[in-house]
Amino acid sequence: MIEINNLTFTYPTGTNALKELNLKINDGEKIGIIGQNGAGKTTLIKNLNGLLKPTKGSVIVNGVDTRNVQIADMSKTVGFVFQNPADQIFNPTIKGEIEFGLVQQGFKKNEIKHRTDSVLKNIKLYEKRNVHPSNLNYSERKLLTIASVLAMDPKIIIFDEPITGQDYKGKIAVEKIIHSLKDKTVIIISHDMEFIARMVDRIIVMCDGRIIADDSKIKIFQNNKALCTAFVEPPEALKISKKLGLKPCLTIEECIEEAKKVFK
Amino acid sequence: MDILKFKNFSWTYEGFNTPIIKKINLTIKKGEFVGMIGRVGAGRSSLCSSILGLIPHFYPGKFEGNIIVDGVDVETSSLSKLSTIVGLVFQSPTNQLSGAGTTVEEELAFGLENLGIQRHEIIKRVEEMVKLIGLEKFSSRNPFELSGGQQQKVAIASVLIMEPKILVMDEPTAQLDPLGTKLVFDLIKKLASKGITILLNTQNVDQLAEFADRIIIMDKGEIAADGDARSILTDITLLKKYGIEPSQLTTLSYKMKEKKLWNKPLCLTMKDAEEMVCEVMKR
C-alpha cells in the first residue's frame, strides 16, 4: 500500500511542483494519472520510488518511509519504467541490461539466469540477447526497459507515458504486458485517454501540483469540471455513446456492443 | 510548384549492410500538408533527417540519388543553407533545445540571431510566438527547468519562429497534453494556410485525419502507399497491412458496418461521426 500524507515538493529552483497531496493506493490497484504538462504528474511518481524525497509531508510505501531508505532499496518494491528508453538503457548487451538490476539486488547466479531468460523469452528478444540494445528499434527498446523492471518482480510498477512513440504492434505488446500484471499495483501516466480507459480502473486528475479529482474511470470521464480544469478530453467512445443515447461507454468495443442491443 | 523532390534516394547508415531508405521517388508541392505514417523502423525519421541535410552532413553513411529542397541539392549544400529553408522539429526536446539561452525568450531568439535578423524584428517575433504557443507564464524561466511537455512546446516554437518554407515534424506532439497538442496544431494550420509546406511524421492517425491533404505510408524503407488523406486513412485493410492503428472513429464506423448498423463510407472526422449518429438515431 502507498500512503501519501501532506506531500509537498519544491525543486531547488523554487518551483513548487506538489502542494500538500494526500492519497492512498491499495495493493493491486490499476491507477491512471492524468493532467496537463507541468501539472506535477512526473514529480509525484518520482516521489513514490524515492528518486525525489518530500520537501514536506511523507510517502509511505508498504510501511516504509521513502525519506529513510536508499533509492536502490526502494527499487526492490517500486519499479519505474521511464518514458524514453534512452534514459534507462546503458548496458552493452540486451542480456546485461536485464541482469544489471538483479545483480545489484544480490540474486544468485542461477536465479539471475532463470529470470533473465524468462523475461527475454516473454518479450521475444531471447534470440537477440547478446546484441547491443542500440540495434533494437524503438518498440523493442521500450519492451527491454519494461522487461528489466519486470525481472526484479517489484510489487508496484510505474509507467511514464508507456506508449509514446510506439506503433500499433508496439502498443499492443505494451498493453498485453500491463494486462498480465494482475497481482501488481500499476500506476500509469499518459495523455492518451483511450489507452487510460482500457488499462486502469481508477483515475487521479492533477492540476497545478494538486489532485483535483480521484475516482473510478467512468466517473472521472463524466466529471466535466475536472476534465475542463485539467484540459483533458474524454475518450471519443464516450462522446459517441452519449450522442447515440447509449449507456456511457469508454471503448469502441463497448460502444458497438451497446449499439447492437439498442439498434437491432 | 514542386518544393521537395526525392529522386531514387537511398541511404545506408555507416556500419550497416542494408539501406534504411531504398530508392525513394517522391515529389511534394509547395503548400501541401503531407502526413507520413508506418511501423517503427520503416525509415520515416531518417527521411525527415535527410530533408534538413542531417543525412548526409551529420550522420555518416552512403547517400545515393538526389534530394532537391526548394531548388537546393541537399548532398552538395551545407546544413546552414538548408536550415534557412527547412525547419525540423524532433520528437524529444532534449535533441532540439540549444541550451544557448538561460530563458525561454533567449532560446527562441537564438536561431533568429544566427540568421542575422534585426533586433526589433527578433523581439516582435519572440513576443508573438510566446503568446501563440501559450508560454507566457514561462518566458523568463530556464527551458531545462520546465516539464517535458513544456520543453517540447519551447522546442516547437524555436523552429516555427524561423518561419521555414518547409516544416518537417518528427512525432512533434508525442509528449504534449491534449491542449498543448491542439495549440500546436492550430498554429501549424495557420502556417499551412500561409503556404508553408508541411511534412508530419506521426503515429497519431487522428491528428492527420483532421489536418493532412495527403498521406504517405512507409514500410521497410520504401513508399508503400501515397494518396489523399481520406482514401488512405479510411482503408482499414491497407492500414492493418502496414501495422497502423486506424482512428477511433474509423474503427467505430467499420465495426458498425460489420454489425450491419451502418452501410455508408467509413468516418474519418468527428463531423462524419456526428452525421452517422444522426442517421442511426433516425431509424
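Sequence lines set the chain letters: A, B, ... in the order given, protein chains first and strands last, and positions in each chain run from 1. From a predicted model like this one, the values you see are computed outputs, not experimental measurements.
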Engaged part of B:E145 at the chain A interface, taking heavy atoms whose separation is under 4.5 Å: side chain
B:D206, part contacting chain A, at a heavy-atom distance under 4.5 Å: side chain
Qualifying residue for side chain to side chain contact (heavy atoms under 4.5 Å, CB included) with A:I4, from A:L21, A:I211, A:N47: A:L21
Cationic tip of A:R141 above A:Y138 ring, under 6.0 Å, 45° of axis: no
Short side-chain donor-acceptor distance under 3.5 Å, A:T55 and A:Y11: no
From CA spacing to verdict: side-chain hydrogen bond (donor to acceptor under 3.5 Å, both in side chains), B:Q207, B:T173: CA-CA 10 Å; B:Q207 288 172 352; B:T173 56; 2.9 Å; yes
Interface residue of largest heavy-atom contact number with chain B, from A:I34, A:I256, A:T164, A:N137, under 4.5 Å: A:I256
A:R202/A:D215 salt bridge by N-O under 4.0 Å criterion: no
Residues A:T93 and A:N130: side-chain donor-acceptor under 3.5 angstrom: no
Chain A contact via B:L249 - which portion, at a heavy-atom distance below 4.5 Å: both
Contacting moiety of B:E258, where chain A heavy atoms sit under 4.5 Å: neither
Contact leader toward chain B among A:E194, A:K239, A:E253, where contacts are heavy-atom pairs under 4.5 Å: A:E194
Neighbour count above 12 (heavy atom, 6.0 Å) for B:F58 CZ: no
Portion of A:D192 that has a non-hydrogen atom of chain B nearer than 4.5 angstrom: neither
A:K171 portion near chain B, given a 4.5 angstrom heavy-atom threshold: side chain
Chain B contact via A:S139 - which portion, at a heavy-atom distance below 4.5 Å: both
Over 12 non-hydrogen atoms of neighbours within 6.0 angstrom of NZ in A:K243: yes
Heavy-atom contact with chain A under 4.5 Å, split by part of B:F16: side chain
Contact winner vs chain A - B:E171, B:M270, B:Q248, heavy-atom pairs under 4.5 Å: B:Q248
Selection from A:E140, A:H191, A:M193 maximising heavy-atom pairs under 4.5 Å formed with chain B: A:H191
Heavy-atom pairs under 4.5 Å with chain A, option from B:K255, B:M276, B:Q151 with the top count: B:K255
A:E233 CD: over 12 foreign heavy atoms closer than 6.0 Å: no
Side chain B:K22, main chain B:K220, donor-acceptor under 3.5 Å: yes
Region of B:L252 that comes under 4.5 Å of a non-hydrogen atom in chain A: both
Residue pair A:N91, A:H132: steps toward the side-chain hydrogen bond (donor to acceptor under 3.5 Å, both in side chains) verdict: CA-CA 8 Å; A:N91 260 277; A:H132 195 286; over 6 Å; no
Side chain, backbone, both or neither of A:Q166 within contact of chain B (heavy atoms, under 4.5 Å): backbone
Proximity breakdown for A:Q36 and chain B, heavy-atom pairs closer than 4.5 Å: both
Chain A contact via B:Q203 - side chain, backbone, both or neither, heavy atoms under 4.5 Å: side chain
